Amino acid sequence: MRQIFFSFIIVLAGASAMAEPSGRVRVVDGDTLDVGGTRVRLHGIDAPEVKQMCGGEGAPMWSCGAWVSQEVRTRYEGRQARCETLDTDRYGRAVARCEIGGRDIGREMVRDGLAFAYRRYSMAYDLDEKRAAVREIGLHSTGVQAPAAFRADARKGREVANSAGAPQGCAIKGNISRKGERIYHVPGQEHYGATRISTGKGERWFCSEAEARAAGWRRAKR
């Protein structure tokens, strides 16, 4: 019985080790990789979005997001990586610290000005970013907006665009899902800003939740 128990523990340990992402790298963008077929979001760093532009305040605008993605692709595409999973994000990606040849990919990227320390989740690369900024390496050599701020601004822009055409005082969005389900979103809900109303598809605005429910819509869960 004891031998069976220890064999079971060994099997579990082996399964856990196998679960860690490892294998050939395919670069998705500046901070997202496919490692041996597993989608990985690199822990503790934040790279510019692929379509993000940098510059401004006297500096010429340039495609810093595309540049970072290409630099990461040049460095790591096709190489063998080993990762340690620390979490799973809301998109189902493994949030992991990855190494190639014993070198931390995230740390190298931050040191070389290809990404920022994502201090909201980790302070592991804080000093690496500060050193790169002092030396004006990579992204630090010209005007650049933090990727998180860029995404926030983009969301605000989409929210404004998606709220255009709302009747005065009627901000509740009556949306029809792909399955034909009628769902309404109120300001402050998770998907309110991203929800777009197409009156041509039968979607509409409501002035109150009571009005929406009376018309056959149900409140969104989030």
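All of these numbers come straight from a predicted model, not from anything done at the bench.
Here the side chains of R82 and E20 are not in contact, with every heavy-atom distance at 4.5 Å or above. The shortest distance between side-chain heavy atoms of W217 and E211 does not fall below 4.5 Å. Q52 is listed as a side-chain neighbour of C64, based on a closest heavy-atom distance under 4.5 Å. Side-chain contact between C170 and F206 is absent, with no heavy atoms from C-beta onward closer than 4.5 Å. Using a 4.5 Å cut-off on side-chain heavy atoms (C-beta onward), L33 and Y76 make no contact. Within the 4.5 Å cutoff, no side-chain heavy atoms of E99 are placed close to those of C83.
Y192 carries K173 over the face of its six-membered ring, with the cationic atom under 6.0 Å from the centre and within 45° of the normal.
Taking OG of S69 as the reference point, atom NZ of K51 lies at 12.0 Å (rounded to 0.5 Å). Going from atom CD of E77 over to atom CD of Q70 covers 9.0 Å, rounded to the nearest 0.5 Å. If you take CD on E108 and CG on D104, they are separated by 7.5 Å, rounding to the nearest 0.5 Å. Of the inter-residue distances, the one linking E129 atom CD with L139 atom CG reads 9.5 Å to the nearest 0.5 angstrom. Rounding to the nearest 0.5 Å places CG of D89 at 8.5 Å from OG1 of T32. Annotation: the span from I197 atom CD1 to I176 atom CD1 amounts to 9.0 Å, rounded to 0.5 Å.
Placement of V110 and V144 within a single hydrophobic cluster is found when ILVMFWY residues are connected by side-chain heavy-atom separations under 4.5 Å, directly or transitively.
Of all heavy-atom pairs between T85 and P21, the closest is OG1-CD, 3.2 Å. Between S122 and G44, the closest heavy-atom pair is CB-CA, 3.9 Å. What you find for L114 and V68 is that their closest heavy atoms are O-CG1, 3.3 Å. In this structure, I100 and A81 approach most closely via the heavy-atom pair CG1-CB, 3.7 Å. Between I172 and S208, the shortest heavy-atom contact is CD1-C, 3.4 Å. The two residues R111 and A132 have their closest heavy-atom pair at O-CB, 3.6 Å.
Ion pairing between a basic and an acidic side chain is recognised when a charged N comes within 4.0 Å of a carboxylate O; R182 and E203 show no such pairing. Salt-bridge annotation for R151 and E49: present, with a side-chain N of the basic residue lying under 4.0 Å from a carboxylate O of the acidic one. A salt bridge links R219 to E209: at least one charged side-chain nitrogen sits closer than 4.0 Å to a carboxylate oxygen. Look at D29 and R73 and you find no salt bridge, because none of the NZ, NE, NH1 or NH2 atoms lies under 4.0 Å from a carboxylate O. A salt bridge is defined here as a Lys NZ or Arg NE, NH1 or NH2 lying under 4.0 Å from an Asp or Glu carboxylate O, and E84 with R97 meets this definition. Electrostatic pairing of R41 and D46 counts as a salt bridge here, judged by a charged N lying under 4.0 Å from a carboxylate O.
Other residues, nucleotides and ligands place more than 12 heavy atoms under 6.0 Å from the CZ atom of R213. Under a cut-off of 6.0 angstrom, the local environment of CZ in R26 is crowded, with over 12 non-hydrogen atoms contributed by other residues, nucleotides or ligands. More than 12 non-hydrogen atoms from other residues, nucleotides or ligands lie less than 6.0 angstrom from CZ of R218.
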Any chance you could lay out the salt bridge (Lys or Arg N to Asp or Glu O under 4.0 Å) test for D31 and R93, step after step, and finish with the verdict? CA-CA 12 Å; D31 49 32; R93 300 176 298 187; 5.3 Å; no
Is there a side chain to side chain donor-acceptor pair (under 3.5 Å) between Y91 and R39 once you walk through the steps? CA-CA 10 Å; Y91 303 108; R39 183 63 52 92; over 6 Å; no
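Ring to ring, H43 and Y125 are not that close: their centroids are 6.0 angstrom or more apart.
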